[in-house]
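Inspection log for the structure reproduced underneath, given as structure tokens.
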Protein chains: 2
Amino acid sequence: MGRYELTGEVLELVAQRFRALAEPARLQIIDALRNREMTVTELGSKTGLGQANLSKHLQILHNLGFVARRKTGLFVHYSLADRRVFQLCEIVCDRIDGEATSRRRLLAP
Amino acid sequence: MGRYELTGEVLELVAQRFRALAEPARLQIIDALRNREMTVTELGSKTGLGQANLSKHLQILHNLGFVARRKTGLFVHYSLADRRVFQLCEIVCDRIDGEATSRRRLLAP
DNA sequence: CATTAGCATCACTATATAGCAATATAGTGT
DNA sequence: ACACTATATTGCTATATAGTGATGCTAATG
């Protein structure tokens with residue numbers, strides 16, 4: 001949008017990216033990778049997600065370029081490939097924050 | 001994220017917002033409202049969405065505070081309630097653009 | 001009051017996907 | 001070659017939701 005044209009194909013691509021972030025489990029993974037890369041096992045114990053489930057989420061995030069993988073021996077280390085996700089989350093959190101604030105104003109003006 | 005804590009509840013709220021944008025039809029609606037408010041019928045002919053379907057999408061966008069409604073007689077006019085959506089879309093489009101560019105570089109270095 | 005127009009809602013079907021258990025694959029050490 | 005470990009993949013079930021047609025609701029009009 002803005003300088004971009006929103007043809008049907010682009011709409012689908014954009015929606016796909018948002019869909020990747022539309023899942024608490026994946027947001028949790030992204031947050032876990034905020035400060036350092038982690039192996040799948042580490043992510044598992046940090047997020048509490050099952051191994052197969054976690055692996056699928058990581059595939060999705062990887063296919064869309066949100067995370068990068070680095071394999072060393074048996075381990076696969078995942079890291080953030082694009083820190084702009086945090087910009088996205090910030091904007092959304094600001095919105096939620098703002099809504100909560102104005103709701104509070106309604107209740108206790 | 002960032003200055004926000006990502007408890008389970010917040011994760012769900014954030015994911016909910018992204019989910020609202022994870023649908024081409026709703027992105028199309030938001031894009032249609034970029035320059036001016038529109039009635040449901042106008043949105044229908046602009047987007048090609050069925051009336052019932054369109055109405056449901058508008059409820060979702062309205063419940064989450066993305067659009068505002070204004071009723072005059074028989075008509076309900078919808079407008080954007082928060083133009084920060086475009087910031088979100090811009091960031092995502094930039095990402096897609098960047099991926100396309102680097103893919104091209106790989107094929108024809 | 002009856003009719004019509006614009007929108008919302010309901011009931012339903014079809015599709016997508018999160019989560020889980022089981023199995024497969026690949027690297028490591030014995 | 002064998003056993004073990006870390007991930008990936010597959011097959012499945014359960015749930016969510018996009019789309020559609022029918023129906024409901026409300027406001028304008030005759």
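To find a chain, count down the sequence lines: A is the first, B the second, and so on, and within it residues start at 1. Given the structure is predicted, the values throughout are model-derived calculations rather than measurements.
In this structure, CG of A/L54 is placed 8 Å from P of D/dA8, rounded to the nearest angstrom. With rounding to whole Å, A/N53 atom CG is found 14 Å from D/dT10 atom C1'. Rounded to a whole Å, the CZ atom of B/F75 is 10 Å from the P atom of D/dT29. Protein atom CD of A/Q51 is 11 Å distant from nucleotide atom P of D/dT9, rounded to whole Å. In this structure, B/H57 atom NE2 and D/dG19 atom C1' are separated by 8 Å, rounded to whole Å.
In the hydrophobic cluster analysis, where Ile, Leu, Val, Met, Phe, Trp and Tyr join through side-chain heavy atoms closer than 4.5 angstrom, B/I96 is grouped together with A/L88. Cluster membership check: B/F86 shares its hydrophobic cluster with B/F66, using side-chain heavy-atom separations under 4.5 Å among Ile, Leu, Val, Met, Phe, Trp and Tyr. Taking hydrophobic clusters as Ile, Leu, Val, Met, Phe, Trp and Tyr residues chained together by side-chain heavy-atom distances below 4.5 Å, A/L11 shares a cluster with A/L13.
Taking 4.0 Å as the cutoff to heavy atoms of chain A, we find the contact window on DNA chain C bounded by C/dT17 to C/dT28.
Looking only at side-chain heavy atoms (C-beta outward), A/R84 and B/R95 come within less than 4.5 Å of each other. Side-chain contact check for B/L27 versus B/C89: some heavy-atom pair is nearer than 4.5 Å.
At a threshold of 4.0 angstrom between heavy atoms, the contacts of B/I60 are confined to the sugar-phosphate backbone, with no base atom among them. The residue A/Q59 sits close only to the backbone: its heavy atoms come under 4.0 Å of sugar-phosphate atoms, none of a base. Using a 4.0 Å heavy-atom criterion, one finds that B/E23 contacts the sugar-phosphate atoms exclusively.
Both A/A52 and B/V40 lie close to DNA chain C; mapped to their nearest nucleotides by heavy-atom distance, the more 5′-ward contact belongs to B/V40.
The stretch residues 63-74 of chain A touches DNA chain D through A/R69, A/L74, each having a heavy atom under 4.0 angstrom from the strand.
Listed by chain and number, the residues in a side-chain hydrogen bond (donor to acceptor under 3.5 Å, both in side chains) with B/R69 are B/Q59, B/H62, B/Y78 (sequence neighbours excluded).
Salt bridge B/E99/A/R17: present, at least one basic N to carboxylate O contact under 4.0 Å. For A/R36 and A/E42, the salt-bridge test passes: some basic side-chain N is under 4.0 Å from an acidic carboxylate O.
With rounding to the nearest 0.5 angstrom, the NE2 atom of A/H57 is 9.0 Å from the OG1 atom of A/T47.
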